[in-house]
Amino acid sequence: MELILNKFFYLEKLNDKQKEAVEALDGPVLVLAGAGTGKTRVLTTRLAHLLNKKLSMPWEILAVTFTNKAANEMKERVQNLLKIDIDRMWIGTFHSTGLKILRRHSELCSLKSDFTVIDTDDQQRLIKQILESNKIDIKKYTPSNVLWMVQWFKDKAILPEESSKYKFKFGRSINISKLYIEYQERLKTLNAADFGDLLLLPVRIFRENLDILKKYQNQFKYILVDEYQDTDTCQDTFLKLLSQKYKNICCVGDDDQAIYSWRGADVKNILSFPEAYKEVKIIRLEQNYRSTDHILAAASKLIEKNKDRLGKTLWTNSSNGEKIKLYFFEDGKDEAKNVSLEIETLKLKKLKLDEIAILVRASFQTRLFEDRLLKIGIPYRVIGGFRFYERLEIRDAIAYFRIVFKNSDDLALERVFNTPKRGLGNTTLQKLFKYARESKMNLLDASKKIIETDELTLNARNSIKTFIDDINKWKSKINKINHIELAKIILEESGYTRMWINDKSIEAPGRLENLKELISALKDFSNMNEFLEHISLVMENERNYKLDMVNIMTMHAAKGLEFENVFLAGWDEGLFPHQKSLEEKGTQALEEERRLAYVAITRGKKNVFISFAKRRFIHGTWNFSQPSRFLSELPKENIDTNESFFQDDDDLVVNEEEYGSRVKNPNRLLFQNKKDLVENINSYESEYKFKIGDTIFHEKYGYGKIKYIIDGKYEIIFDKLNETKIVLENFIKHA
DNA sequence: AATGCAGCCATTTTT
DNA sequence: TGGCTGCATT
């Protein structure tokens, strides 16, 4: 008896509803999991239960998520529950699952199995080329507009040949369908697929090859989907095709947390799931384990204002929590200052900074908070925004790797053909591209051929020759030395590292630092192909999560996270709900914004602070606004307003004199004399003679460059905030 | 080919 | 305000 109990030990940790969701293994199941109701626990336990009851083998289960983070967490937690070979299970993101399938059958879409996955940047460049060759005015129809339309088709699972039926209001005079077809043709010739293709092409393969579809339908006896409310039509179609046979599909989601409609997600998928499958079992998880009573009550009352929802009522056992604190400020700076003061109080109480988050609606809002925290020396990280692999230098380096390690990669070659400068100007490159296109060759082969003709100037021919020889030399080393060494050699010999060493701009040191980090990231992979495959799908920057820092991010980026203390800044009408979204989609958008507010509030475990500022300096002008309508939708009994707590004067916590004072621009510092400067930087000896243009490292402000030396005073321009963050991290690491 | 300046734009963003 | 793009100048 005890043995049997032990066998399903994991069930004991669940509440009744959770247990029900885990044990309803057969047939379609919809789990409506409110915020903080133990959704991930249910998902992982369900996986373990399926395996444990021997209902299926590991490879017969498909579990899909949206982010790598979620997929990894799922893998880890299943692994902790059961000792099984996790690698044989199909746990992954929609895109990595699609990719895995597409690699096996790519020839059915005229792609070789080693096709490259291109990112948005490459997509844009491709579209631009197509627009230009069609003589379309790229001012009127920008590549990103057209890309958006192409993506719209792909989200809706509309193939190029079907796309002519659809008309866009915008761009009526261009034949978007023709462009879509041409774009897809170009991808084929480049042996490449974009992110949308990773799902669209498998759908096409399934539709056109019933034998293959059947094979996968038979394989996947059980399907699990996380964050189902975020699926777009293509993803939903993918799932419906696969689940047709066994219909053992379990979708977990929360319609109240659907905040990605602008990205193609369609709430209808979750709302109409019961109609799409017969005899759906619907299970609601409503017991919240995350937030205290007031926070939960406020969030619930707010979301009740929405009409379009399946309906849930969250409840909690936890009582006597703090009320939500509501603050009104004069302007954005005032808001940032007082939020940071509150953070300092929390810090004095020895609360972890990791457990503090500042959530905003639009990313420009992070700036003031960054400024402020930088100034008073509270470490922070900005989540989202620019990601590591999207940085210019990283993309360049990866392009080099792609050229050497992949058979032909025109987009990569195009990117770094003249980086560093090889004396190849626009005219040369244009001629080369034209030559390649006309002779239907890839760029590398075309380059080899063209230097035997006299199409180009002698100088151009010579430098292309040198470059090609280099590439061949690197290629010949692939099997001789390990990929990490070879990567270093490529960056050295191509002159790429040198280029940044010689570059005296403010960014250069940071960029070199990033390149080093890229090399060290290679160590986690046994070969370059593995690495390239990984980075084409993973864009996560995990470098700084170990340090104790305040988290700053958008409300969107906060979904799925939780913090003890949450600051919700900028609840001004116009900013949140955002004017633009209301203009675009009216009531529907308002409901989505309200869901965003709901997501934001439910991130908080113990304290939620919400603030409003009367005026803000946005894009060079002062904007005045009213408090967000969402504030009035929060029940009075769950809210506390206490303005008197805050200081009204402009006192700074840090004595500015100590670090040099800020001049006009927030990244400019004026040092009164050399001593003042030397004492605050650590990269030079005191004997060093500073000159204009020198890069210096300041403990608080990071990398800066000397702009002027006047009357013995030194004015330093500090790096853009983006780059400074890294420096700050390093600084904290050393400290 | 490199630099500098005018003009444009500014919601949310993973894979 | 500030960051990026594209065109014009040297």
Side-chain angles (χ1 to χ4, degrees), chain A residues 64-71 92-99 117-120 123-124 128 138-139 142-144 148 151 154-155 193-200 227 230-232 234-235 258-265 332 359-368 383-387 389-390 392 418 420-429 457 459-460 463 533-541 553-560 570 574-585 589 592-593 595-596 599-600 616-623 664-667 720-722:
Chain A
V64 280
T65 63
F66 274 88
T67 63
N68 289 298
K69 204 175 148 207
T93 60
F94 271 102
H95 294 266
S96 67
T97 308
L99 177 63
V117 181
I118 65 164
D119 59 28
T120 323
Q123 281 181 288
Q124 290 245 20
K128 199 179 160 201
I138 60 164
K139 284 244 171 69
T142 64
S144 57
W148 183 85
Q151 246 152 16
K154 294 194 178 188
D155 289 343
D194 66 18
F195 281 122
D197 289 345
L198 301 187
L199 286 153
L200 182 65
E227 305 275 17
D230 285 339
T231 49
D232 60 35
C234 186
Q235 288 156 340
I259 53 175
Y260 283 112
S261 75
W262 50 274
R263 214 162 66 181
L359 309 184
V360 296
R361 173 67 241 261
S363 49
F364 76 85
Q365 290 174 267
T366 63
R367 225 200 157 85
L368 281 178
I383 295 179
F386 238 93
R387 279 173 299 281
Y389 292 114
E390 282 173 19
L392 170 94
N418 198 32
K421 301 272 182 291
R422 295 192 173 82
L424 304 169
N426 234 327
T427 12
T428 312
L429 292 177
T457 61
N459 278 341
S463 61
E533 189 80 329
H534 172 80
I535 57 124
S536 66
L537 288 176
V538 181
M539 286 292 185
E540 212 101 10
N541 178 4
M553 70 195 91
T554 62
M555 294 189 268
H556 282 92
K559 200 172 98 176
L575 181 58
F576 187 48
H578 203 283
Q579 186 75 34
K580 266 233 165 95
S581 74
L582 298 186
E583 278 164 19
E584 259 168 37
K585 294 219 192 94
E592 180 148 325
E593 296 279 296
R595 290 194 290 268
L596 190 55
V599 167
R616 278 174 205 280
F617 196 62
I618 305 173
H619 312 143
T621 43
W622 282 102
N623 292 42
K664 279 190 278 180
N665 187 319
N667 7 313
K720 278 166 234 137
L721 285 169
N722 265 344

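All figures in this text were calculated on a predicted structure; none of them were measured in a lab. Just so it is clear: chains get the letters A, B, ... in the order the sequence lines come, proteins before strands, and each one is counted from 1.
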Within the distance-only criterion (no hydrogens, no angle test), does the side chain of A/H556 pair as donor or acceptor with the backbone N or O of A/I259 below 3.5 angstrom? yes
Do side-chain atoms of A/S463 reach the backbone of A/R422 as a donor and acceptor pair under 3.5 angstrom? yes
Identify whether any heavy atom of A/F94 sits under 4.0 Å from a base atom; if not, whether one sits that close to sugar-phosphate; answer base, sugar-phosphate or nothing. nothing
Could you state the atom-to-atom distance from CZ of A/R595 to C1' of B/dT11 in whole Å? 16 Å
How long is the span from the OG1 atom in A/T231 to the CZ atom in A/F94, to the nearest 0.5 Å? 6.0 Å
Please answer whether the main-chain N or O of A/A258 pairs with a side-chain N or O of A/R595 as donor and acceptor at a distance below 3.5 Å. yes
For C/dT5, measure the glycosidic angle (O4'-C1'-N9-C4 for a purine, O4'-C1'-N1-C2 for a pyrimidine) and name it syn if it falls within 90° of 0, otherwise anti. anti
From NZ of A/K69 across to C1' of B/dT15 the rounded distance in Å is 15 Å
Keeping the roles fixed (side chain from A/D197, backbone from A/L200), state whether a donor-acceptor pair exists under 3.5 Å. no
Minimum-distance nucleotide to A/K421 side chain [options: B/dT13, B/dT11, B/dA2]: B/dA2
Return the value, rounded to whole Å, for the distance between atom CD of A/E583 and atom P of B/dT12. 15 Å
Between CD of A/Q123 and P of B/dT14 the distance, given in whole Å, is 15 Å
Indicate whether the side chain of A/S96 and that of A/T93 have a donor and an acceptor atom separated by less than 3.5 Å. yes
Report the residue (A/E592 or A/T428) whose heavy-atom-nearest nucleotide on DNA chain B is the more 5′ of the two. A/T428
I want to verify a distance call: between B/dT15, B/dT12, C/dG6, whose nearest atom is closest to the A/K128 side chain? C/dG6
Let me spell it out: for each of A/T427 and A/S96, pick the nucleotide of DNA chain B with the closest heavy atom. Which residue's pick is nearer the 5' end? A/T427
From B/dT11, B/dT13, B/dT15, nucleotide with atom closest to A/Y260 side chain: B/dT13
Could you tell me whether A/G98 contacts a base, only the sugar-phosphate backbone, or nothing, with contacts defined as non-hydrogen atoms closer than 4.0 Å? nothing
Between atom CG in A/N623 and atom C1' in C/dT1, what is the gap in whole Å? 12 Å
B/dT14 pyrimidine/purine six-ring stacking with A/F195, under 5.5 Å and 30°: no
Touch check for A/L424, heavy atoms < 4.0 angstrom, all strands: base, sugar-phosphate only, or nothing? sugar-phosphate
Spell out yes or no: do the side chain of A/R263 and the base of B/dT13 have one donor N/O and one acceptor N/O closer than 3.5 Å? no
With a 4.0 Å cutoff (strictly under), does any side-chain N or O of A/T120 reach OP1 or OP2 of B/dT15? no
In whole Å, I'd like the distance from the CZ atom of A/F576 to the P atom of B/dT11. 16 Å
Counting side-chain heavy atoms from CB outward, which of B/dT14, C/dG3, B/dT11 is closest to A/T67? B/dT14
So what does A/T554 touch, heavy atoms closer than 4.0 Å: a base, only the sugar-phosphate, or nothing? sugar-phosphate
Are any side-chain N or O atoms of A/Q123 and backbone N or O atoms of A/D194, one a donor and one an acceptor, separated by less than 3.5 Å? no
Quick check for you: among B/dA2, B/dT15, B/dT13, whose closest atom lies nearest to any side-chain atom of A/H95? B/dT15
Would you say a side-chain N or O of A/N68 is under 4.0 Å from OP1 or OP2 of B/dT14? no
For A/F195 and A/H95, take the angle between the two ring planes, folded into 0 to 90°, and tell me which bin it lands in: parallel under 30, tilted 30 to 60, perpendicular over 60. perpendicular
Check: A/T65 main-chain N/O paired with A/E227 side-chain donor or acceptor under 3.5 Å: no
Roughly, in whole Å, what's the span from CG in A/L368 to P in C/dG2? 11 Å
State the dot-bracket string of DNA chain B. Criteria: Watson-Crick or G-U wobble, both atom distances under 3.5 angstrom; notation: ( ) intrastrand, [ ] crossing earlier pairs, | interstrand, . unpaired. ||||||||||.....
Could you state the atom-to-atom distance from CG of A/D119 to P of B/dT13 in whole Å? 17 Å
Kindly confirm whether the side-chain ring of A/H619 is stacked on the base of B/dA10, judged by centres under 5.5 Å and planes under 30°. yes
